[in-house]
Amino acid sequence: MADLIPHPHGEPATAAKPASAKPPGPCAIVIFGAGGDLTKRLLMPALYNLANTGLTPEKFVLIGADIAKRSTDDWKSSLHKTLESFIGDPNAEDQIKAIDEANWSKLAAHMSYVQGDFTDAGFYTALKTELESLESQHGTGGNRLFYLAVADRFFGTIVEHLGAAGLVEHKDDENAPWRRVVIEKPFGHSLDSAKALNAQVLSVLNEKQVYRIDHFLGKETVQNIMALRFGNGMFEPIWNRDRIDHVQITVAETVGVEGRGKFYEQTGALRDMVPNHVFQLLAMVTMEPPVGFKPEAIRDKKYELFAAIETLADNDAVRGQYGKGTVAGKPVIAYREEPDVAKDSATETYVGMRLKINNWRWAGVPFYIRTGKHMSCRMTEIAIQFKKAPLAAFQDTSLDTLPPNWLVLRIQPDEGIALQFEVKHPGQTMRLAPANMEFRYRDWFTPEPNVGYETLLYDCMIGDQTLFQRADMVEETWRVVQGVLDHWGSTTPADFPNYESGGPGPDASDALLSHDDPTRHWRPVALPAKDPRT
């Protein structure tokens, strides 16, 4: 019999009991960049959370590799202190609630640190010696996962050295040890550089060994998009150009560049967010149904989707840069006043785009995307506007227009799904009022500590590439935006800064929508209103 999941208001709903995840098989994980922010704030908390839920291997080794000279005990201590700093931090409330010292000690007993220069072949000889010793000691069977939590300039270099040292040898035999490499973003800075990096990596590894990671896809609400679309028969008949007017994807941040001026000056909002995070959200919403939920079936459909997106023209994108203003009640400085930022910087901190997908399902449906820093609130949502109902039935009333219906998928911070539709306002005249049907994750499921990397690390260990980008997918996403990057690189904006910190973004972004249809406008960058009944 199926388990009953209680409704928050006391009404039971029947649901199939989910299959429990099993711990991965034996393996060793080597993290390059073991002293970096990514390791301390995301990878280690994720591994700790997996350990707390019994989802790290029983036979397990974790090696930290970095250039700093330090002992293994010092490395462990610094990671423990970072975990402690999350407790009670409202900005890290989903990461660590408390530290189970017994579980931490169990995990720490499998950890080791190796110091060295990533560009020095001798370092890899020392790493191999340490790795083989620990593999023998802990019985990991030669299965290895190398995580490149380093600056992107080291990606190709590390992979080549791993190959030269014999650390990633792979045999197409299910009984042979597996060797995998996880590569963080940015995967290239342009179409040409992405192609060059793919060629460099794939000269050492085969595609099955490469895990190009995007932590957005580790979020439960992003994965839930596929469940919503393909697990409910009511949506598929209306998920197309016949019923959908347009789609808006918003990734708004309240933070600025947070001391990363040198990085951001070379990157900008487009490179930092669009070919990876935003396009992954787009793919989840627009891809065709796969024939099954095997990794390659899903990745094939994502590639087909990216290949169908028109290359952007210059007038399909606008850029912005924040000036001074007020965010969350606090005054903030302009981007050009940030440390390590040029006083006349032309780097964008906001991007708005109009995308067109040339396939049978989406031809003629515009997709508007925007992402920016120092905006009025932190939110990520996908909003789908359906075509308006005909007015004919209301021709003898005072109504001169009908509001549209919206389906809103909220990714963060208040994860959930909302459907907005119109109802009759009580009274003697025909008046319409908007109503919302809401699903919120926190109402139905007990929140668990999660930084977004738990699922992805687990998938790396079990060899599931569903949520990871393939070489051809990466190159298609860069192909879409390359023309805009070239144009922006050869022109200097005359109006920077062109939006106030704490605001909705530059005025030019609104024109992307109104140019296509005067009635279209961006949804407010605001958190959903609280239900007055709660």
Side-chain angles (χ1 to χ4, degrees), residues 20-66 68-115 127 130-131 133-141 143-150 182 184 213 215 218-220 445-462:
S20 298
K22 298 179 180 179
C27 74
I29 298 179
V30 179
I31 299 178
F32 291 86
D37 196 56
L38 175 61
T39 299
K40 290 188 291 186
R41 297 191 62 83
L42 294 171
L43 298 184
M44 203 61 225
L47 286 168
Y48 171 78
N49 288 336
L50 287 173
N52 268 356
T53 53
L55 292 179
T56 48
E58 181 179 346
K59 298 179 179 180
F60 178 62
V61 170
L62 177 61
I63 298 177
D66 217 330
K69 291 183 178 181
R70 65 195 313 179
S71 67
T72 294
D73 286 341
D74 179 52
W75 181 53
K76 293 178 185 179
S77 177
S78 70
L79 294 174
H80 188 276
K81 288 179 180 177
T82 300
L83 291 180
E84 287 181 320
S85 71
F86 294 145
I87 300 173
D89 181 353
N91 295 319
E93 59 183 6
D94 295 331
Q95 296 193 348
I96 302 292
K97 301 296 184 185
I99 298 178
D100 185 320
E101 294 297 344
N103 276 336
W104 167 256
S105 296
K106 185 178 179 180
L107 180 62
H110 296 261
M111 294 167 59
S112 181
Y113 182 83
V114 178
Q115 184 271 334
L127 174 62
E130 176 74 358
L131 181 55
S133 173
L134 291 172
E135 286 175 333
S136 176
Q137 179 182 339
H138 292 276
T140 60
N143 298 320
R144 300 167 183 169
L145 178 66
F146 298 94
Y147 199 113
L148 309 191
V150 296
V182 184
E184 272 282 349
I213 196 168
H215 73 267
K219 297 179 182 294
E220 286 288 350
F445 304 106
T446 302
E448 296 182 357
N450 190 295
V451 299
Y453 275 82
E454 287 83 355
T455 296
L456 299 172
L457 286 171
Y458 178 81
D459 286 351
C460 289
M461 289 187 279
I462 66 173

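Please read these numbers as outputs of a predicted model, since none were measured by experiment.
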Inset, instruction - Would you please classify the geometry between the H215 ring and the Y453 ring as parallel, tilted or perpendicular, with 30° and 60° separating the classes? - result: parallel
Legend entry - Any side-chain heavy-atom pair of L79 and W104 under 4.5 Å: yes
Inset, instruction - Flag the pair Q115 / D66 as yes when at least one side-chain heavy-atom distance between them is below 4.5 Å, and no otherwise. - result: no
Legend entry - Least distance between heavy atoms, V182 atom then C460 atom: CG2-SG, 3.6 Å
Inset, instruction - May I ask you to test the I31-L43 pair for a side-chain heavy-atom distance under 4.5 Å? - result: yes
Inset, instruction - Could you tell me whether the side chain of Y113 reaches within less than 4.5 Å of the side chain of D73, counting heavy atoms only? - result: no
Inset, instruction - Check whether any side-chain heavy atom of T72 lies under 4.5 Å from a side-chain heavy atom of S112, and answer yes or no. - result: yes
Inset, instruction - Check each of I29, L50, N49, L62 against T56 using the side-chain contact (heavy atoms from CB on, under 4.5 Å) test, and report the only one that passes. - result: L50
Inset, instruction - Taking the side chain as every heavy atom from C-beta outward, state whether P57 and M461 have any pair of such atoms under 4.5 Å apart. - result: yes
Inset, instruction - Please examine the side chains of Y147 and V30, heavy atoms only from C-beta on, and report whether any two atoms are closer than 4.5 Å. - result: no
Inset, instruction - Kindly say whether G35 contributes a backbone atom to a donor-acceptor pair with the side chain of W75 at under 3.5 angstrom? - result: no
Inset, instruction - Flag the pair I99 / H80 as yes when at least one side-chain heavy-atom distance between them is below 4.5 Å, and no otherwise. - result: yes
